[in-house]
Amino acid sequence: MIASEEEHWYTNRVINEAINLTRLPRKGPVHINIPLREPLYEFHQKTLPAERVIETTPSRNVFPDEIINQLRQEFASSTNVMIIAGFQAPDPVLQRHIEQLAGFPNTVVLTESVANLTTPCSFSTIDRIISTVRPGEAGAYAPDLLITFGGAIISRMIKAFIRKHPPRVHWHIDERATPPDTYKSMTRHLQTNTGEFFKQFLSTPLPLISASGYAWKWLQKAESATTKHEAYINRIPWCDLKAFSVLMPSLPADSHLQLGNSTPIRYAQLFRYSQVSRSDANRGTSGIDGCTSTAIGAACSFDGTTTLIVGDNSFLYDSNALWMKQIPARLRIIVMQNGGGGIFRFLPGPSALQEVEKYFETPHKVNLKQLAKTHNFEVYKADNEAALREILPVFYGPSQRPAVLIVETPGEINGEILKKYFEALK
């Protein structure tokens, strides 16, 4: 007996994978372990329930016309098509395809900074928009066809939204044989390169597209969310959120951005910025280790400015990276000094505990300014909005050495301000 919905989904997923592996890429047997518990002989189910079937379309450069035509018809007849892009490297060809798809009235495209798809018609502030959707109207914004590709998604809100309002059909484009079923709704796995798939999909005109107005509904929500977002930012005191409202627009044009895990990458998703040519982060296990090392490596391979925005704990965790000899002078590191793991003041569980500071945030007493100077970095510091605005042009100015900017905020109020931000959006 399956004890929970989570177990039901997992069992369905594993059996779908097993059946598909018997056929692809080479036909053969599979082995499934099934735990049996007492009593073993009291099975009274007379009929078996209908279960979700995940169709896997085998890996190939070109799909048969019959499959592509079926997919085109499915897309065109769907009233609510949602495309969600996960993290990936910039791809100009894919971007052109997504811009074309985003122009259809039945289609919305949701992206994140690390998806590196800065299209004018896409929505990159997912949490900001989702927060304005009221429970009674959620059905109008839920997709009936979901198309996903790329790596992991940062937004927990969109994951929860889709799982609560599952689509009728879900295509996932992924070259791996057994991709993750993030939204617990996948019905077709297209095992191919995303760019190649959309190239073939859009190679000929699509059938008559449903004029549902789905894209218009999302645009209205996005505009409403932007108005509420700006009003809230204008009235809050100095804090992490206020600092990010200054930092994100100040990123140099055509520069690269590295985002630390925990709060920096989450704050970044609340702001729309397109002047950066590439955004990256250590997503996957989503730990704080290695963020500085990754940023230094990225800066070494790019001739322009690379900015790392990282929390103070993450910065300290990987401080050994600072002694590397070949750190480019064009590297800029912004350290959010908010007293430790600030995300734990926002998460519902830890934030309610008296022990949050001692056992979750792990506050430190390290002199970050002295640490950076020890490794021959230029060091700047700001502890209010005016100081930050004044120092940023100097921080990004020409220099013979890499630079660190320490942005000090009051850690005890950051979490509460962020919680009230989402309440204000509602």
Side-chain angles (χ1 to χ4, degrees), residues 5-6 9 52 74-86 98 101-113 115 117 119-149 153-172 181-187 208-236 241 266-267 269-272 346-348 417-426:
E5 284 297 319
E6 189 78 15
W9 164 79
R52 175 181 59 142
E74 200 164 42
F75 178 93
S77 61
S78 297
T79 57
N80 297 3
V81 179
M82 180 182 288
I83 300 174
I84 302 178
I98 295 301
L101 291 164
F104 294 126
N106 68 335
T107 304
V108 298
V109 177
L110 305 184
T111 71
E112 295 183 313
S113 60
L117 287 171
T119 62
C121 296
S122 62
F123 302 101
S124 59
T125 54
I126 299 176
D127 285 357
R128 199 161 98 182
I129 302 171
I130 285 286
S131 295
T132 67
V133 178
R134 298 184 181 91
E137 61 182 4
Y141 296 89
D144 55 4
L145 168 60
L146 175 65
I147 304 173
T148 58
F149 57 87
I153 290 291
I154 299 158
S155 171
R156 296 178 66 184
M157 291 187 184
I158 193 62
K159 294 174 193 174
F161 182 79
I162 298 297
R163 289 173 184 178
K164 188 172 182 180
H165 307 281
R168 175 179 52 83
V169 179
H170 175 190
W171 310 344
H172 182 65
D181 185 18
T182 302
Y183 304 96
K184 300 183 179 180
S185 62
M186 182 164 51
T187 58
L208 184 63
I209 298 291
S210 169
S212 66
Y214 186 53
W216 175 247
K217 291 177 186 176
W218 273 85
L219 178 60
Q220 288 180 307
K221 276 295 177 192
E223 290 177 347
S224 172
T226 298
T227 300
K228 294 177 181 179
H229 165 89
E230 291 176 351
Y232 186 81
I233 295 294
N234 288 336
R235 68 174 183 263
I236 58 175
L241 186 59
R266 288 171 172 81
Y267 275 117
Q269 308 315 310
L270 302 177
F271 298 89
R272 189 176 180 94
F346 174 69
L347 297 175
I417 288 176
L418 187 57
K419 288 178 186 178
K420 290 181 178 178
Y421 168 79
F422 288 109
E423 292 173 6
L425 291 175
K426 294 177 182 179

**Message:** Distance check, rounded to the nearest 0.5 Å: Ile236 atom CD1 versus Leu241 atom CG?
**Reply:** 4.0 Å
**Message:** Please give me the minimum heavy-atom distance between Phe422 and Ser131, naming the atom from each residue.
**Reply:** CD2-OG, 3.2 Å
**Message:** Can you tell me how the ring of His165 sits relative to the ring of Phe161, calling it parallel under 30°, perpendicular over 60° and tilted otherwise?
**Reply:** tilted
**Phe149 side chain near Ile98 side chain, heavy-atom distance below 4.5 Å** = yes
**Message:** To the nearest 0.5 Å, what is the distance between OG1 on Thr111 and CD1 on Ile126?
**Reply:** 6.5 Å
**Prompt:** Could you walk me through whether Ile233 and Leu270 pass the side-chain contact (heavy atoms from CB on, under 4.5 Å) check?
**Reply:** CA-CA 11 Å; Ile233 295 294; Leu270 302 177; over 6 Å; no
**Atom pair OH/NZ of Tyr183 and Lys159 - distance to nearest 0.5 Å** = 7.0 Å
**Item:** Lys217/Glu137 ion pair, N-O < 4.0 Å
**Value:** no
**Request:** For residues Val109 and Cys121, determine if any side-chain heavy atom of one lies less than 4.5 Å from a side-chain heavy atom of the other.
**Result:** no
**OG-CG distance between Ser210 and Asp144, expressed to the nearest 0.5 angstrom** = 8.0 Å
**Request:** Evaluate the side-chain proximity of Glu112 to Ile158: yes if any heavy-atom separation is below 4.5 Å, no if none is.
**Result:** no
**Request:** Would you give the length of the straight line joining atom OG1 of Thr227 to atom CG of Leu425, rounded to the nearest 0.5 angstrom?
**Result:** 11.0 Å
**Asked** Do His229 and Phe271 have side chains that get closer than 4.5 Å, going by heavy atoms?
**Response** yes
**Asked** What closest approach, in Å, do Trp218 and Ile130 show between heavy atoms, and which atom pair accounts for it?
**Response** CH2-CD1, 3.8 Å
**Prompt:** Taking all non-hydrogen atoms of both residues, which atom of Lys228 and which atom of Ala424 are closest, and how far apart?
**Reply:** CD-O, 3.8 Å
**Flag side-chain contact, heavy atom, 4.5 Å: Gln269 against Asp127** = no
**Item:** Min side-chain heavy-atom separation Ile162-Ile153 under 4.5 Å
**Value:** no
**Closest approach of Leu146 to Ser185 (non-hydrogen atoms, all atoms of both residues)** = CD2-OG, 4.2 Å
**Request:** Starting at CG of Leu110, measure out to CG of Leu117 and round the result to the nearest 0.5 Å.
**Result:** 11.5 Å
**Asked** Does any non-hydrogen side-chain atom of Val108 lie less than 4.5 Å from one of Tyr214?
**Response** yes
**Prompt:** According to the interplanar angle, ranging from 0 to 90°, do the rings of Trp171 and Phe75 count as parallel (below 30°), tilted (30 to 60°) or perpendicular (above 60°)?
**Reply:** tilted
**Which atom of Ser78 lies closest to which atom of Arg168, heavy atoms considered** = OG-NH2, 3.4 Å
**Student check: side-chain heavy atoms of Lys221 and Phe123 closer than 4.5 Å** = no
**Heavy-atom closest contact (Val133 atom, Tyr141 atom, distance)** = CG1-CD1, 4.0 Å
**Message:** Donor-acceptor pair, distance only, cut-off 3.5 Å: does the side chain of Thr132 make one with the backbone of Arg128?
**Reply:** no
